[in-house]
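Below you'll find the structure, written out as structure tokens, and then a few comments.
One-based numbering, in listed order, for ligands and for the atoms of each. FYI, the numbering just counts along the sequence from 1.
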Amino acid sequence: MIHSLVLDDEIQQYVLDVSLREDDIARELRMATMRLYQHGMLTPPEEAQLLGLLVRLMSATTVVEVGTFTGYGTLAMARALPAHGRVITCDISAEWADIGRPFWERAGVADRIQVEIGPAVETLDALLADGAAGTVDFAFIDCNKESYSSYFERCLELLRPGGLLVVDNVLWSGKVARHDISDPETDSLRALNSALRNDKRIELSMLPVFDGVTLAYKRAKD
Ligand code: CA
């Protein structure tokens, strides 16, 4: 029984050929991002497409994104929202979000995207202090890995019961499974992954796609 197919280049290309729907605007933003030294942080286009589909599936109107980078995933999620919907996206760097903004404008979704620059924990705490707990439909965490547990707790509190939290890079190139590897990022991801298994507040699925994607659905309180 095959539990998971290891994608070689040929299969990966096939997946893209038959399923990727990336228009000129998204492709040009991706190309602009690929010119950056930090381009490895770009959300893969097929993953951004999944995020958009999940946002639609949730009939979300309010999305929180922790880690904007150049806003490629932000664009996919904003496009999946109704016109009055909103993505509140957090990043430490305004410079990267500025790369995405012209593309958000071309796509006609810039007014759905609220960029919050600063440490994401502070932004999430400010949202909670403003009474946003229980109001968010969908959250995506893709930021500095050392702080993932802090982001997870705050995003879970922001989510409504029945909301969905998506956590990216949970396999961290497989390093989390290799116990001879210990560094702050890997240890943080490993701790979060282990904690979620027994977390009664969520329904859980860890998908071994891309760099590992955890889906956590917020249960209603008993
Ligand atoms: Ca990522």
Side-chain contact test, heavy atoms from C-beta onward, threshold under 4.5 Å: evaluate it for Leu36 versus Thr70 and give yes or no.
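Yes, side chains in contact.
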
Do Asp187 and Lys145 meet the salt-bridge criterion of a basic N to acidic O distance under 4.0 Å?
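Salt bridge between Lys145 and Asp187, a charged N being under 4.0 Å from a carboxylate O: no.
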
Any ion pair linking Lys218 and Glu203 (charged N to carboxylate O, less than 4.0 Å)?
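Salt bridge flag = no for Lys218 with Glu203.
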
Applying ring pair (Phe, Tyr, Trp, His ring centres under 6.0 Å), which residue pairs with at least one partner in residues 71-111 are found, sequence neighbours left out?
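Residue pairs with at least one partner in residues 71-111: Phe69-Trp96.
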
Closer than 3.0 Å to the Ca ion (ligand 1), which protein N, O or S atoms?
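Hits for the Ca ion (ligand 1) below 3.0 Å: Asp142 OD1, Asp142 OD2, Asp168 OD2, Asn169 OD1.
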
Using atom types as modelled, flag every donor-acceptor pair under 3.5 Å from a side chain in residues 60-67 to any protein atom, sequence neighbours excluded.
residue, atom, partner, partner atom, Å
Thr61, OG1, Asp137, OD2, 3.3
Glu65, OE1, Thr74, OG1, 2.6
Glu65, OE1, Thr89, OG1, 2.6

In a table with atom names and distances, give each donor-acceptor pair under 3.5 Å that connects a side chain of residues 37-51 to protein atoms at least two apart or in another chain.
residue, atom, partner, partner atom, Å
Glu46, OE2, Gln12, NE2, 2.9
Gln49, OE1, Arg21, N, 2.8
Gln49, NE2, Ser19, O, 2.9

